[in-house]
Amino acid sequence: MPMEKTFDAKTAEPRLYKMWEDAGAFKAGANASRDETFCIMLPPPNVTGHLHVGHAFNHTIMDMLTRWKRMQGYDTLWQPGLDHAGIATQLMVEKDLAAKGLPKRTEMGREKFLEKVWEWKAANGGQIEQQARRLGDSMDWSRSAFTMSGAESAPATEKPGNFHDAVLKVFVEMYNKGLIYRGKRLVNWDPHFETAISDLEVENIEVDGHMWHFKYPLAGGETYEYVEKDEDGNVTLRETRDYISIATTRPETMLGDGAVAVHKDDERYAPIVGKLCEIPVGPKEQRRLIPIITDPYPDMNFGSGAVKITGAHDFNDYEVAKRGNIPMYSLMDTKGNMRADGKPYAEEAAIAQAIANGEQDFDEAMIAAMNLVPDEYRGLDRFEARKRVVADITAEGNAVMVPNPAAKGPGAETGTASEDAADRSPGLDPGPQPDVPAMIPFVESKKIMQPFGDRSKVVIEPMLTDQWFVDTAKIVGPALDAVKEGRTKIMPESGEKVYYHWLENIEPWCISRQLWWGHQIPVWYGPDRDYLKDFEAIRSSGSLGVPDRQNSLQYFCGASFSEAKAKAAEYYGEEYKIDELAPSDNPSMFAFGKADAQKQLSLSRDPDVLDTWFSSGLWPFGTLGWPADDEAMKYFPGDVLVTGQDILFFWVARMMMMSEAVLGQEPFHTVYLHQLVRDAKGEKMSKTKGNVIDPLDMIDAYGADALRFSNAQMAALGGVLKISEDRIKGYRNFGTKLWNAFSFAEHYDIPYPGDAARLDATQTLNKWIIGETGKVRETIDAAMEAYRFNDAADALYAFTWGKVCDWYLEFSKPILQGDDAAAKAETEQTLRWVLDQCLILLHPIMPFITEELWQQADSRAKMLVHADWPTYTAADLVDADADREMNWVIDLIDNVRSARAQVHVPAGAKVPLLVSGLDAKGQSAWDNNHVLIQRLARIESLSHVDDFPKGCVTIPMEGGTFGIPLADLIDVAEEIARLEKTMQKLGKELGGLRGRLNNPKFIESAPDEVVAEAKANLALRENEEAQLKAAIARLAEIG
RNA sequence: GGGUGAUUAGCUCAGUUGGUAGAGCGCUUCCUUUACACGGAAGAUGUCGGGAGUUCGAGCCUCUCAUCACCCA
């Protein structure tokens, strides 16, 4: 059956993929002929994910590497899988429930909800794995892993796996080594999902905000002399004040203030340091007084120089509060509303005051339980509370006032504030009024950086909560060393600097999440022994749990309850019978009972789950069966990690730390980082902008190979990735070109029995193309080894199109049509060999079209996907004489064509060719190849002459000057112009060369080979120049 | 504010220890010549962001300025 006109990617790609998959072509170890392994771990996409251009890009790279190594006979594994993606998945399923009108998550309860998540996963999850097949990814699908495999909640219908075991084992081991701890710290809290999130899951976005200026009156009506000076020490303001002025962007957090801080060098406030001031909000009778302290944190030049310290709601304040042992009062609940729990405000405020006065001791748990939100604000949304607080303070006259720019009058120039950027808070705008007030509250409009949840898009609230942390400072060392000592290399190199910078300043990693979908933390809580002294009293009082005494908790960590129970039994002694408190939505911390002769103690499991990245940090070995003794562990450590640079910290650094901490080894020797894939203009793709390119659309339109080639071609190390449909289209055309090269072979009835062997060629053109093939194979391997995929792609393109199609196939025509049977046979076989090499070398980038063409042979030893990657070198295959000769031929043809076109010789016309002073080499090159030259340059005949006739186009060549006599056709002026233009270009080059060679310092300092090259070049150019001069002179005679 | 990178042909980008600039697309002209119009042939276009320095020699190294992008505060 004759070949189709073009490759039909739409039908062929699924067919070919099925063939490979059915044959097990991608399985771990398939086609292995040596022991060395090559392993790439696919960065697991979210189970909710879909293939986007970023995946398409890095999959192409991973697949190129994998296919390349597999063809080289390595024992390869490209390990696929999915990430359970805690927040994203939980969100997706909750939306799904809402859309179907089913009960909410909180209504159905944990167990039922997890069932729904697994159901959702079975029905909708992992679509990306089907989409990846369309790209041609050669992953071992039979090994596809899931970060929640083997979890307690997993239904029996799920594919078995033990990733959960790995997660629990690592947690327990790290806990036992003291690398994981529980603590009360300020964390980023997402009020939408009601969970803590890590620093990396927060996006800081600049938004329009306001800075309010308020007065905190001094206790007891005390006053002081407030003096402001300019840079030269001249007094610019002096007044008596009975307050300290505070600037804040978050007035609602004033309720939790524990102090006001000023810099110790700030002379303005020196008189009042150590005194108390009043928080100007809340019921007048219970105004809290807080101390004025010094700390290095306040910036004297920013705002008033005085900062309110709210340790529980701001990261900077938190550090100040820790340093100064300032109580940190939490004001909000998990939804970001003002707290409504605890005792009435009057009671709480009285205790707080006693603490501030130093009359009462306090501890963390006690402070945490206190609710200092005044009764009238309790339960309010945080932003609503802000408005109310601002309004109340202003109404009471404690807002700093400035002249109203809208009010014209003599009063406009007075006022205490030096800033002039005052405006009115939108929330306070009274609207058009007949009488404009002369003074208004001082509210600056300014850009502020506000934290948003990257999933929820709501404003993140710093919250003081009990969370689990990895003590990253303790495990970061080996991960740093691995890169510093070169055991792991990050490409491009700039990534290493960024990596160091982050790891050297690493913060503790908050790993607990208040979610349900994820690995539940394997820790059970019980009371400490001290607490149990009162066992009988507590039991008989019926009290359950100790939420107000968290400090007396005891943790029992184990991979299962029985492990934890064993630890608990040891801790509590034989008099206790230990069991597990049934999980419920709102568990007590533990419970007591009496069972026979024993005291009964029920422990509860921590309801939180682990950060998704904790489990993905184990991906490099958790996918290989660890902790079981699995044969697949031979693939650890893997080789290359290919991923976007945006998850260098999220994931790469954590894999490094976790692999080092658990297995004492770095998980890969190379990290290949790439940038975000953007649109053709370099803009981020987003749904709102409408510039999203769907890789599947590109595959539909141009085939996967074209998309892949485009990806490979733009994979310059560290480069900006701009995907362009025009380019993809261009590489589709490239595929067609390759296709047509095979049509060519078919057209000339060249036999295609199967794997073509390389001949020791006798024909110059065959020797030449074999040498070119050797060169390009080396270029490609060198490029691949250096991760310079764009160089590999460019080399393949230039070879296939520019060498094989443009020249070799054209050169072969006269022989294929000729009578020299031996030459014909040799050329036929060489042509088949060269085309086979194109398929092999292109296969890692363009797997589909190459396999399809490969299968056209009558029989093959192996599928192309398993074909042997060549090892021949340029040194083996290049014949220097053939190389020189063919390049001379190509040069001559180019020059004749160019001359013809410029003097408008009709394309079809055959012209005679003259030559003068042809040397022996030139003569022999002509003799060997005149058929090719005559055909491709449309030459009728060659005659030797001593002098060119008048009106002759001149073509200077190495070894002789050629000419085309065109007396009738030639436009003398035009030809002179052409030659002069060439002379000009030549002149520039000659100038440079002569300049260099005439400079004695160049001769002295430049390396010998550079000097020799310059000299040879000069001789060549000078010869050319002479020929051109002669030609111009000849033309001048006619003109 | 800190960090990283970028600025090369009309557009999008390469350019690997400093040796005198390239590709694709687009554009112009010609060509349906039996592999291919998703093609062939020919052609035009760059003070390599500005300035200074090191060097025999700088797109590449150093400094500086300008503009832009991204990451982290």
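Here is the naming used below: chain letters follow the sequence lines, and residue numbers restart at 1 for every chain.
Between the P atoms of rG22(B) and rA44(B), the separation comes to 13 Å (whole Å). The C1' atoms of rG1(B) and rG10(B) are separated by 39 Å, rounded to the nearest whole Å. With C1' as the reference atom, rU64(B) and rG24(B) are 36 Å apart, rounded to whole Å. To the nearest whole angstrom, the two C1' atoms, one in rG59(B) and one in rU17(B), are 16 Å apart. Distance noted for atom C1' between rC72(B) and rA9(B): 37 Å (whole Å). Using atom C1' as the reference point in both rG2(B) and rU45(B), the two lie 42 Å apart (nearest Å). Of the P atoms belonging to rU28(B) and rA66(B), the separation is 41 Å, rounded to the nearest Å. The same atom, P, is picked in rA14(B) and in rC31(B); the two are 38 Å apart, to the nearest Å.
Asn998(A) has its CG atom 14 Å from the C1' atom of rG57(B), to the nearest Å. In this entry the distance linking CZ of Phe789(A) with P of rG24(B) reads 22 Å, nearest Å. We find that CZ of Phe1002(A) is positioned 11 Å from C1' of rU20(B), with the value rounded to whole Å. The interatomic distance linking Leu1018(A) (CG) with rU20(B) (C1') rounds to 15 Å, in whole Å. At whole-Å resolution of the value, CG in Leu673(A) and P in rC70(B) are 18 Å apart. Atom pair Tyr797(A):OH and rA14(B):C1' shows a separation of 15 Å (rounding to whole Å applied). Rounding to whole angstrom units, CD of residue Gln713(A) and C1' of rU12(B) are separated by 10 Å. Rounded to an integer number of Å, the gap from OH of Tyr731(A) to P of rA23(B) is 13 Å.
Using a 4.0 Å heavy-atom distance criterion, Asp894(A) is classed as a sugar-phosphate-only contact. Asp794(A) comes within contact range of no nucleotide atom at all, as no heavy-atom separation falls under 4.0 Å.
Asp314(A) places no side-chain N or O within donor-acceptor distance of the main-chain N or O of Thr310(A), the cut-off being under 3.5 Å. Remark: the backbone N or O of Ala12(A) is not paired with any side-chain donor or acceptor of Glu852(A) at under 3.5 angstrom. Of the possible polar contacts, one joining the Asn711(A) side chain to the Ala56(A) backbone as a donor-acceptor pair under 3.5 Å is found.
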Tabulated below should be each protein N or O lying under 3.5 Å from an N or O of nucleotides 43-45 of chain B; please produce it.
| from | atom 1 | to | atom 2 | distance (Å) |
| --- | --- | --- | --- | --- |
| rG43(B) | OP1 | Ser898(A) | OG | 2.8 |

Between N or O atoms, less than 3.5 Å apart, protein on one side and nucleotides 16-18 of chain B on the other: list the pairs.
none

Expected rows: protein N/O vs nucleotides 33-40 of chain B N/O, under 3.5 Å:
| from | atom 1 | to | atom 2 | distance (Å) |
| --- | --- | --- | --- | --- |
| rU34(B) | O2' | His747(A) | NE2 | 2.8 |
| rA35(B) | OP1 | Lys813(A) | NZ | 3.1 |
| rA35(B) | OP2 | His747(A) | NE2 | 3.2 |
| rA35(B) | OP2 | Tyr748(A) | OH | 3.2 |
| rA35(B) | O2' | Asn740(A) | OD1 | 3.4 |
| rA35(B) | N6 | Cys805(A) | O | 3.1 |
| rA35(B) | N6 | Glu810(A) | OE2 | 3.3 |
| rA35(B) | N3 | Asn740(A) | O | 2.9 |
| rC36(B) | O4' | Asn740(A) | OD1 | 3.2 |
| rC36(B) | O4' | Asn740(A) | ND2 | 3.4 |
| rC36(B) | O2' | Asn740(A) | ND2 | 2.9 |
| rC36(B) | O2 | Lys737(A) | NZ | 2.8 |
| rC36(B) | N3 | Lys737(A) | NZ | 2.9 |
| rA37(B) | OP1 | Lys5(A) | NZ | 3.3 |
| rC38(B) | O4' | Asn733(A) | OD1 | 3.0 |
| rC38(B) | O2 | Arg732(A) | NE | 2.9 |
| rC38(B) | O2 | Asn733(A) | OD1 | 3.1 |
| rC38(B) | O2 | Thr736(A) | OG1 | 2.5 |
| rG39(B) | OP1 | Asn733(A) | ND2 | 3.2 |
| rG39(B) | O3' | Lys737(A) | NZ | 3.2 |
| rG40(B) | OP1 | Lys737(A) | NZ | 3.1 |
| rG40(B) | OP1 | Trp801(A) | NE1 | 2.5 |

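Residues satisfying the ring-ring contact (aromatic ring centres under 6.0 Å, His included) test with Phe811(A), not counting sequence neighbours, are Trp807(A). With sequence neighbours left out, Arg935(A) forms a side-chain contact (heavy atoms from CB on, under 4.5 Å) with Lys813(A), Pro814(A), Gln817(A). By the ring-ring contact (aromatic ring centres under 6.0 Å, His included) test, Phe799(A) pairs with no residue at all, sequence neighbours left out. Among residues two or more places apart in sequence or in another chain, the ring-ring contact (aromatic ring centres under 6.0 Å, His included) test is passed with Phe848(A) by Trp20(A). In this structure His52(A) satisfies the ring-ring contact (aromatic ring centres under 6.0 Å, His included) test together with His55(A), sequence neighbours excluded. For the salt bridge (charged side-chain N to carboxylate O under 4.0 Å, His left out) test, no residue two or more places apart in sequence or in another chain qualifies with Lys5(A). For Asp317(A), the salt bridge (charged side-chain N to carboxylate O under 4.0 Å, His left out) test picks out no residue, with sequence neighbours left out.
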In residues 734-741 of chain A, what donor-acceptor pairs under 3.5 Å come from side-chain atoms, sequence neighbours left out?
| from | atom 1 | to | atom 2 | distance (Å) |
| --- | --- | --- | --- | --- |
| Thr736(A) | OG1 | Arg732(A) | O | 3.2 |
| Trp739(A) | NE1 | Glu4(A) | O | 2.8 |
| Asn740(A) | ND2 | Thr736(A) | O | 3.1 |

Inset, instruction - Applying salt bridge (charged side-chain N to carboxylate O under 4.0 Å, His left out), run through Arg777(A) and Asp781(A) and close with a yes or a no. - result: CA-CA 6 Å; Arg777(A) 190 244 106 205; Asp781(A) 277 341; 2.7 Å; yes

Legend entry - Dot-bracket pairing map - RNA chain B, Watson-Crick plus G-U, both contacts under 3.5 Å, | cross-strand: (((((((..((((.....[..)))).(((((.......))))).....(((((..]....)))))))))))).

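We find that Lys1001(A) and Glu1004(A) are not joined by a salt bridge, their nearest charged nitrogen and carboxylate oxygen being 4.0 Å or further apart.
A ring-centre distance under 6.0 Å is not found for Tyr731(A) and Tyr702(A).
A 4.5 Å side-chain heavy-atom check between Tyr500(A) and Lys484(A) finds at least one atom pair inside the cut-off.
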